[in-house]
Amino acid sequence: MNAAPPLKAFLLGGATATGKTELCHRLARNQPGASILSADSMLVYRGMDIGTAKPSPRQLAEIPYGGINLVDPDQPFSAGLWLQHAKTFASQARGPLFVTGGTGLYLRALTEGFNRPVPDEAVRARVRSLWNEGGIDAIRSHLPQSVVSLLDDPGNPRRLMRALEVVLSGGDERAFLGGRVAVRRGRFPVLSRPREVLHRRIRLRAEGMFSGGLLEEVRALRRRYPVWSETAGSAIGYAEAVAFLEGRLGLSEAVDRVAARTRQLARRQETWLRHQADAVWLEWGDESPEEMAQRVQEVWEQDGPVALA
RNA sequence: GGCGAGGUAGCUCAGUUGGUAGAGCAGCGGACUGAAAAUCCGCGUGUCGUCGGUUCGAUCCCGACCCUUGCCA
């Protein structure tokens with residue numbers, strides 16, 4: 001284990017609905033022994049297939065996939081759990097390892113690792129109850145000013161709570177220093193689409209989910225798991241499907257909402273990749289899949305695989 | 001056809017007792033090291049339906065016309 005060579009992988013980034021899953025699969029299929037690790041925070045949920053645009057059963061049977069179907073929708077999940085799984089999966093790779101996904105935090109974790117205290121359940125519960133009782137002010141009042149001043153967005157409850165967790169776990173200002181730790185271990189190709197094209201694809205995907213059985217999937221899932229975890233329950237498509245099934249949203253409103261949230265997600269993902277990663281942007285316009293695969297391959301050959309933490 | 005209501009940002013609407021206008025949503029940009037499909041921050045010029053009149057000045061008042069909508073025929 002300690003003699004293992006440093007792990008490396010070929011990354012392919014891109015916002016949702018750009019077509020990266022399909023393209024990565026196509027590229028990996030030609031490589032003997034290849035496996036694919038998904039870096040996507042929603043593909044980890046078992047049974048949530050249609051709304052998350054998971055690789056098809058056929059694709060899953062063709063190539064070993066990691067990062068998919070790790071927990072049930074009623075279970076909590078975290079980037080830490082994903083990383084743990086990812087490391088195991090990567091170490092078991094027998095051939096080239098490919099990583100594709102749009103969850104920036106996961107990509108960063110994979111290439112940079114984490115260097116802050118691991119969240120402790122008791123500490124987390126304490127912070128949560130502070131938040132429930134006193135809101136953001138309660139959280140802020142328990143944080144040293146020196147830590148608050150290092151945060152980019154001191155009005156963000158989620159990040160304030162995490163900061164408090166770090167502090168209560170023994171971390172100090174130093175844990176928040178160092179500025180950006182970008183995914184700089186290597187350049188990697190990032191797929192994009194012209195905005196109008198992406199929006200059209202997202203629209204079609206949203207409509208396709210509902211006509212493709214999303215409601216049935218959700219109905220069955222709810223029968224089996226009456227209460228979902230916060231993360232699974234807020235997944236795009238699933239939150240809206242539940243709202244529709246409970247009569248809180250009309251069908252066309254639900255479809256619109258899914259499309260809008262997906263567009264917003266894609267924009268945030270592109271922002272992340274633009275500024276937090278060392279991306280080689282490949283815009284996919286009229287090119288055929290073969291042509292795009294070729295261009296991705298060229299970037300991989302030129303820059304080599306990215307080292308994992 | 002008659003009477004009424006309305007035509008303002010991509011959408012739904014607010015507003016200006018006459019000094020050229022603002023919210024929500026959408027969109028765009030940004031932050032982001034363990035909930036990340038989350039969370040948070042920033043960005044609002046648009047022939048104020050058309051044409052004419054009154055006025056120093058009209059999106060606002062007056063007139064005509066066009067369109068939408070409700071009720072009555």
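Chain naming here is simple, since letters A, B, ... match the order of the sequence lines and numbering starts at 1 in each. Heavy atoms only: backbone and side chains are in, while hydrogens, waters and symmetry mates are out.
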For [N], does OP1 or OP2 lie under 4.0 Å from any side-chain N or O of [X]?
| X | N | answer |
| --- | --- | --- |
| A/Arg274 | B/A31 | no |
| A/Thr271 | B/G30 | yes |
| A/Arg159 | B/A36 | no |
| A/Arg195 | B/G29 | yes |
| A/His199 | B/C28 | yes |
| A/Arg162 | B/G34 | yes |
| A/His275 | B/C32 | no |

### Check: B/A35 base within 3.5 Å donor-acceptor of A/Arg128 side chain
yes
### Task
Nearest-nucleotide wise, let me know which of A/Pro154 and A/Ile236 is further upstream toward the 5' end of RNA chain B.
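This one resolves to A/Ile236.
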## Note on the structure
Judged by nearest nucleotide, the residue sitting upstream toward the 5' end of RNA chain B, A/Thr16 or A/Pro157, is A/Thr16
How is [X] classified with respect to the nucleic acid when contacts are heavy atoms under 4.0 Å: base, sugar-phosphate, or nothing?
| X | value |
| --- | --- |
| A/Tyr238 | nothing |
| A/Arg267 | base |
| A/Glu165 | nothing |
| A/Gly237 | nothing |

How many whole angstroms separate atom [atom1] of [X] from atom [atom2] of [N]?
| X | N | atom1 | atom2 | answer |
| --- | --- | --- | --- | --- |
| A/Leu164 | B/U33 | CG | C1' | 16 Å |
| A/Arg261 | B/G27 | CZ | P | 12 Å |
| A/Trp272 | B/U39 | CH2 | P | 19 Å |
| A/Asp256 | B/A26 | CG | C1' | 10 Å |
| A/Leu160 | B/C40 | CG | C1' | 10 Å |
| A/Leu265 | B/G27 | CG | C1' | 16 Å |
| A/Asn156 | B/C41 | CG | P | 8 Å |

## Note on the structure
Per-residue pairing states of RNA chain B in dot-bracket (Watson-Crick or G-U under 3.5 Å; . unpaired, | other strand) read (((((((..((((.....[..)))).(((((.......))))).....(((((..]....)))))))))))).
Pair up each side-chain donor or acceptor in residues 211-222 of chain A with any protein partner under 3.5 Å, not counting sequence neighbours, and list the distances.
unit_1   : atom_1 : unit_2   : atom_2 : d
A/Ser211 : OG     : A/Glu207 : O      : 3.2
A/Ser211 : OG     : A/Gly208 : O      : 3.3
A/Glu217 : OE1    : A/Asp49  : N      : 3.4
A/Glu217 : OE1    : A/Ile50  : N      : 3.1
A/Glu217 : OE2    : A/Asp49  : N      : 3.1
A/Glu217 : OE2    : A/Ile50  : N      : 3.4
A/Glu217 : OE2    : A/Tyr238 : OH     : 2.5
A/Arg222 : NH1    : A/Glu246 : OE2    : 2.9

### Query
Has A/Arg126 got more than 12 heavy atoms of other residues, nucleotides or ligands less than 6.0 Å from its CZ?
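Atom CZ in A/Arg126 is not packed in, count stays at 12 or less.
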